[in-house]
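By convention in this document, chain letters (A, B, ...) are assigned in the order of the sequence lines, proteins followed by strands, and residues within each chain are numbered from 1.
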Amino acid sequence: MLDIRLIREKPDFVRERLATRGGGDDAKIAEVLRVDAERRKIETQLQRLQADRNRLSKEIGAKRSRSEPSEDLEAQVRKIGDEIVDLTQRASTFDEEQRHLLLEIANLPHESVPVGKDPSANRVARSWGEKPQLSEPADHVALGAKLKLFDLERAAKLSGSDFICFTGAGAKLERALINFMIDLHTREHGYTEISPPFLVRRDCMVGTTQLPKFEADMYGLEENQLFLAPTAEVQLTNLHREEILGLSDLPKKFVAYTPCFRREAGAAGRETRGIIRVHQFDKVELVKITAPAKSYEELESLAADAERVLQLLGLHYRVVELCTGDLGFGSAKTYDIEVWSPGQNAFLEVSSCSNFEDFQARRMHLRFKDRDGKNRFCHTLNGSGLALPRLFAALIESYQQPDGSIRVPEKLQPYFGASEIR
RNA sequence: GGUGAGGUGGCUGAGUGGUUGAAAGCAGCGCUUUGCUAAAGCGCCGUAGCCCAAAAGGCUACCGAGGGUUCGAAUCCCUCCCUCACCGCCA
């Protein structure tokens with residue numbers, strides 16, 4: 001959520017920055033400014049009446065204590081009371097309308113983000129390693145079937161299409177990857193491990209911007225208003241919602257392993273082969289809550305922490321700096337980390353590391369007490385570290401051997417308990 | 001699920017209809033004293049918003065949330081949420 005004061009004071013600046021995302025927000029800005037002006041007008045009227053009421057009510061109290069008549073004043077205040085009821089109603093209508101509009105206006109891209117309208121303007125920031133030399137690489141679907149690592153048909157029997165059921169060595173490999181990543185981030189990168197609930201309240205989903213805009217992509221449980229979290233970003237970032245943290249508590253760094261649930265409405269048929277786009281997948285997520293001055297350096301180290309996973313596993317990847325038009329709704333700056341998939345002959349996104357600045361914090365009232373004693377909004381960041389099915393696919397494809405077996409990367413062997421899968 | 005107790009500022013905790021936005025203590029900030037530390041003394045210290053070009057200043061709202069009673073509600077009534085305790089049920 002943007003600060004209404006910023007929009008009020010620098011509307012042209014806001015419009016210009018939003019336009020770099022691809023435009024279409026001018027009408028919303030005009031509308032929110034109109035509502036804001038109206039809201040303040042009514043609020044001022046309302047406050048004058050309340051001040052009158054307070055003053056007269058005190059007089060009534062004083063008169064009564066002196067046993068003087070006060071009926072005329074009481075009648076007057078009663079009348080003011082009626083007007084207040086009416087104005088309060090109108091004021092809250094405008095309040096709601098303003099919040100509604102603000103919740104649907106995207107964040108401003110950071111000035112360092114390359115300007116462009118689609119992924120063709122994204123910038124490859126760096127790449128690591130090399131494509132493995134494989135004469136005729138099998139893709140993960142073929143490898144998985146052959147070695148019985150997962151069973152998509154039977155997963156469909158349980159839950160419908162686009163679900164995974166890992167089996168045997170596949171299930172164990174997934175679990176090994178989870179443990180490997182969590183240990184890395186807790187032991188070497190200083191994150192605190194969290195095992196959060198998977199169901200979250202609506203407010204949390206609003207806080208991290210999944211709602212209200214993307215409700216169609218979320219799984220919800222109608223009767224008790226809970227949602228299945230689409231990413232642990234929701235739980236981890238909302239952990240301290242509505243709190244005021246001490247400056248010395250920052251940065252907060254959390255890592256969690258959770259399943260993630262996504263309807264992927266409208267995504268059917270696109271990039272959905274095998275296990276790379278499914279309704280439920282496991283993910284190790286990294287979240288940081290930082291002071292504003294530090295958030296961009298924390299973004300760099302967050303990406304580095306996620307990249308470290310791929311480096312230790314010896315997987316080729318590249319880091320892409322998203323352009324303004326490709327940026328997510330709430331993000332000010334994002335690096336996508338893409339691992340090489342020999343089977344797809346393409347890079348697959350396994351992590352998206354973003355700095356939301358105070359966009360999420362403002363929605364969830366997440367603040368810290370600054371050195372000068374003022375409460376300010378924190379900055380929030382998150383990135384996968386990493387998403388499992390795609391990592392799994394890239395790993396088995398990259399480490400496949402001519403004889404059809406899969407070599408297990410050395411760093412993973414203590415977790416997996418064997419050096420190969422055959 | 002049942003019964004009981006409770007939700008007040010960063011924290012602890014007073015406060016049952018009108019100068020209480022809220023006592024007191026702790027924490028925090030500033031100053032004094034001090035070789036340093038510690039201790040002591042004095043002062044300041046909630047949040048959000050509105051008016052004002054701005055500052056100064058003024059005003060409004062907020063005591064879990066939402067309604068209600070009243071001229072006036074932290075205080076009385078209703079509903080809901082949450083926390084704690086005990087009982088029941090349960091992986």
Q: Could you check how far CZ of R8(A) sits from P of A53(B), rounded to whole Å?
A: 14 Å

Q | Nearest-angstrom distance, P atom, C80(B) to G1(B) | A | 12 Å

Q: Return yes when atom CZ of R40(A) has more than 12 non-hydrogen atoms of other residues, nucleotides or ligands closer than 6.0 Å, and no otherwise.
A: yes

Could you go through residues 305-314 of chain A and list every donor-acceptor pair under 3.5 Å that involves a side-chain atom there, pairing it with any protein atom two or more places apart or in another chain?
{"unit_1": "D305(A)", "atom_1": "OD2", "unit_2": "Y191(A)", "atom_2": "OH", "d": "2.6"}
{"unit_1": "E307(A)", "atom_1": "OE1", "unit_2": "R126(A)", "atom_2": "NE", "d": "3.2"}
{"unit_1": "E307(A)", "atom_1": "OE1", "unit_2": "Y317(A)", "atom_2": "OH", "d": "2.7"}
{"unit_1": "E307(A)", "atom_1": "OE2", "unit_2": "R126(A)", "atom_2": "NE", "d": "3.3"}
{"unit_1": "E307(A)", "atom_1": "OE2", "unit_2": "R126(A)", "atom_2": "NH2", "d": "2.7"}
{"unit_1": "R308(A)", "atom_1": "NH1", "unit_2": "Q311(A)", "atom_2": "OE1", "d": "3.4"}
{"unit_1": "Q311(A)", "atom_1": "NE2", "unit_2": "Y317(A)", "atom_2": "OH", "d": "2.8"}

Identify the pairs formed between an N or O of the protein and an N or O of nucleotides 9-12 of chain B at a distance under 3.5 Å, and give each distance.
none

Q.
Quick test of your reading: applying side chain to side chain donor-acceptor pair (under 3.5 Å), list the pairs with at least one residue in residues 404-414 of chain A, sequence neighbours left out, ordered by first then second residue.
A. D403(A)-S405(A)

**Q.** side chain to side chain donor-acceptor pair (under 3.5 Å) contacts in which one or both residues fall within residues 140-149 of chain A, not counting sequence neighbours
**A.** H140(A)-E397(A)

Q) When you compare G18(B) with G49(B), how far apart are their P atoms, in angstrom units rounded to a whole number? A) 31 Å

Q | Nearest-Å distance once atom C1' is located in both C71(B) and G57(B) | A | 30 Å

Q. When the P atoms of A38(B) and A54(B) are considered, how many whole Å apart are they?
A. 44 Å

Q: Write down the distance separating the C1' atoms in G68(B) and A14(B), rounded off to the nearest Å.
A: 28 Å

Q. Who passes side-chain contact (heavy atoms from CB on, under 4.5 Å) against L199(A), sequence neighbours left out?
A. L221(A), L226(A), L228(A)

Q: Name all pairs fulfilling the side chain to side chain donor-acceptor pair (under 3.5 Å) condition that reach into residues 105-114 of chain A, sequence neighbours left out, sorted by first residue then second.
A: H110(A)-S112(A), S112(A)-K333(A)

Q.
Among residues at least two apart in sequence or on other chains, which ones pass side-chain contact (heavy atoms from CB on, under 4.5 Å) with A30(A)?
A. none

Q: Could you give the distance separating C78(B) and U69(B) at their P atoms, to the nearest angstrom?
A: 15 Å

Q. For the pair made of CG in L49(A) and P in C51(B), what is the distance, rounded to whole Å?
A. 16 Å

Q) For the pair made of CG in L102(A) and P in G49(B), what is the distance, rounded to whole Å? A) 12 Å

Q.
F13(A): which residues meet the side-chain contact (heavy atoms from CB on, under 4.5 Å) condition with it, sequence neighbours left out?
A. K10(A), R17(A), L108(A)

**Q.** Short side-chain N/O contact to C81(B) OP1/OP2 from R201(A), under 4.0 Å
**A.** no

Q.
Given a 3.5 Å cut-off on both pairing distances, which stems involving RNA chain B, each at least three consecutive Watson-Crick or G-U pairs, are present, if any?
A. B:1-7 with B:81-87, B:10-12 with B:24-26, B:28-32 with B:40-44, B:46-51 with B:57-62, B:64-68 with B:76-80

Q | Donor-acceptor pair between Q360(A) and T380(A) side chains, under 3.5 angstrom | A | yes

Q | salt bridge (Lys or Arg N to Asp or Glu O under 4.0 Å): pairs with one or both residues in residues 167-179 of chain A, sequence neighbours excluded | A | none

Q.
Can you check the distance between C62(B) and A22(B), where both ends of the measurement are the P atom (answer in whole Å)?
A. 14 Å

Q) Taking atom C1' in both C31(B) and A48(B), what distance in whole Å separates the two? A) 31 Å

**Q.** Between G49(B) (C1') and Q98(A) (CD): distance, integer Å
**A.** 11 Å

Q) What is the distance from CG of D203(A) to C1' of C82(B), rounded to the nearest Å? A) 13 Å

Q) Taking only residues two or more places apart in sequence or in another chain, which ones pass side-chain contact (heavy atoms from CB on, under 4.5 Å) with P197(A)? A) none

Q. For Y399(A), which of L412(A), L143(A), I406(A), V408(A) qualifies under side chain to side chain contact (heavy atoms under 4.5 Å, CB included)?
A. I406(A)

(Q) Could you tell me how far apart R367(A) (CZ) and G46(B) (P) are, to the nearest whole angstrom? (A) 14 Å

Q: Could you encode protein contacts along nucleotides 59-74 of chain B as a string, one character per nucleotide from 5' to 3', using B for base contact, S for sugar-phosphate-only contact and - for no contact, with a heavy-atom cut-off of under 4.0 Å?
A: BBS---------BS--

